[in-house]
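Quick note on labels: first sequence line is chain A, next is B, and so on, each numbered from 1.
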Protein chains: 2
Amino acid sequence: MKKSGEIINKLSEQGYRLTPQRMMILSAIEDGEGHISAEEIYAQVAAKYSRVNISTVYRTLELLKRLGLVTETDLGDGRLRYHPVGKGHHHHLVCTECGAIVDLGESVLSPVKDVLLREYGFIADLRHLAIFGRCANCSK
Amino acid sequence: MKKSGEIINKLSEQGYRLTPQRMMILSAIEDGEGHISAEEIYAQVAAKYSRVNISTVYRTLELLKRLGLVTETDLGDGRLRYHPVGKGHHHHLVCTECGAIVDLGESVLSPVKDVLLREYGFIADLRHLAIFGRCANCSK
DNA sequence: ATTCTTATTGAAACTAAGTGCATCTATAAA
DNA sequence: TTTATAGATGCACTTAGTTTCAATAAGAAT
């Protein structure tokens with residue numbers, strides 16, 4: 001039960017205002033296991049402070065994304081999921097047949113990241129990717 | 001100016017009906033340079049046959065996607081883009097700063113595809129990916 | 001403590017995409 | 001050629017996310 005300090009500090013360092021809405025959105029993101037959706041964040045915040053608007057949640061997520069503090073990932077269930085960057089990087093294999101999700105270390109994509117940087121000077125954001133396809137069972 | 005036969009043949013082989021709506025949607029996808037959006041397909045079809053509904057476009061795209069006949073890619077402009085698989089595979093580097101899009105051969109991701117198959121038995125669909133990040137200019 | 005400035009918020013409208021259901025029609029069977 | 005039927009469509013509605021704009025309030029300056 002920590003105080004979501006990491007992201008808050010970075011926001012205030014960079015001159016962004018620390019509104020109560022933002023504080024509550026941040027703790028919703030930093031508590032829990034990550035992979036939270038905008039609606040879930042909204043539900044958590046609204047439970048304590050019913051005046052929040054969901055567009056504030058979306059706007060805060062957009063900001064955190066732009067500052068590189070959270071990653072946004074489409075896991076194929078129709079809503080985007082958010083993960084605090086401070087909690088570590090990983091990827092997912094998502095089976096489009098049965099819906100199974102397998103976690104994947106960060107290292108699988110590092111060679112790609114390196115090639116893109118070397119050959120194109122492109123700094124690829126490959127911190128939390130969902131790779132779709134068919135799992136071992138479904139393609140047997 | 002070919003007759004969008006490839007996809008039509010595959011649909012009818014597999015027992016799907018060849019409705020006039022589908023035929024018009026298919027030629028919209030197969031003519032042109034690919035990377036067409038659902039709205040653009042709808043506009044093209046509606047110009048000839050104003051009774052089509054856009055949900056038919058979405059449903060047809062869903063079908064073609066499921067059958068592996070088109071790829072769906074988010075190039076970051078708020079609408080998904082579709083590309084006929086028969087026209088070849090490639091990827092895109094999308095700069096989240098300036099919006100520049102650089103094309104990329106298929107080969108960059110083949111090693112990843114191989115590793116996922118070998119180590120997880122996972123058949124990854126990596127035929128038309130958009131990789132977001134910062135281009136050489138924007139990260140100078 | 002009060003005032004000021006501008007970032008942030010809430011409300012509502014809007015967009016892209018997906019869904020449920022009654023109707024219609026492409027295709028196969030008679 | 002006509003009929004039957006399951007697949008496909010149109011329409012209305014829902015959902016996730018974005019945008020506009022007037023009102024509010026965080027944080028700086030006084």
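Here D/dG7 presents its P atom at 12 Å from CZ of B/Arg66, a figure rounded to the nearest Å. In this structure, B/Leu11 places its CG atom 15 Å from C1' of C/dT27, rounding to the nearest Å. Rounded to whole angstrom, the span from the CG atom of B/Leu61 across to the C1' atom of D/dT9 amounts to 15 Å. For the pair B/Glu13 CD and C/dT27 C1', the computed distance is 17 Å after rounding to whole Å. One can place CE of B/Met23 at 12 Å from P of D/dT9, the figure rounded to the nearest angstrom. The distance from atom CG of B/Leu64 to atom C1' of D/dA8 is 14 Å, rounded to the nearest whole Å. Taking atom CG of residue B/Asp77 and atom C1' of nucleotide C/dT15, one finds them 13 Å apart after rounding to whole Å. Taking atom CG of residue A/Asp74 and atom C1' of nucleotide C/dA17, one finds them 13 Å apart after rounding to whole Å.
Judged purely by distance below 3.5 Å, without hydrogens or angles, the side chains of B/Thr71 and B/His83 never pair a donor atom with an acceptor atom.
The pair A/Asp77-A/Arg79 does not meet the salt-bridge criterion, since no charged nitrogen lies less than 4.0 angstrom from a carboxylate oxygen. Here A/Lys65 pairs with A/Glu62 in a salt bridge; the nearest charged N to carboxylate O distance falls below 4.0 Å.
The residue A/Gly78 sits close only to the backbone: its heavy atoms come under 4.0 Å of sugar-phosphate atoms, none of a base.
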Reading 5' to 3' through nucleotides 18-30 of chain D, protein heavy-atom contacts under 4.0 Å coded B for base, S for sugar-phosphate only, - for none: BBB----BBS---
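Distance from the side chain of A/Arg79 is smallest to D/dA16 among D/dA16, D/dG10, C/dA17.
Using cut-offs of 30° and 60° for the angle between ring planes, the A/His92 and A/His35 rings count as perpendicular.
Between B/Ile41 atom CD1 and B/Arg81 atom CZ the span is 10.0 Å, to the nearest 0.5 Å.
A continuous path of ILVMFWY side-chain contacts below 4.5 Å connects A/Met23 to A/Ile29, so both sit in one hydrophobic cluster.
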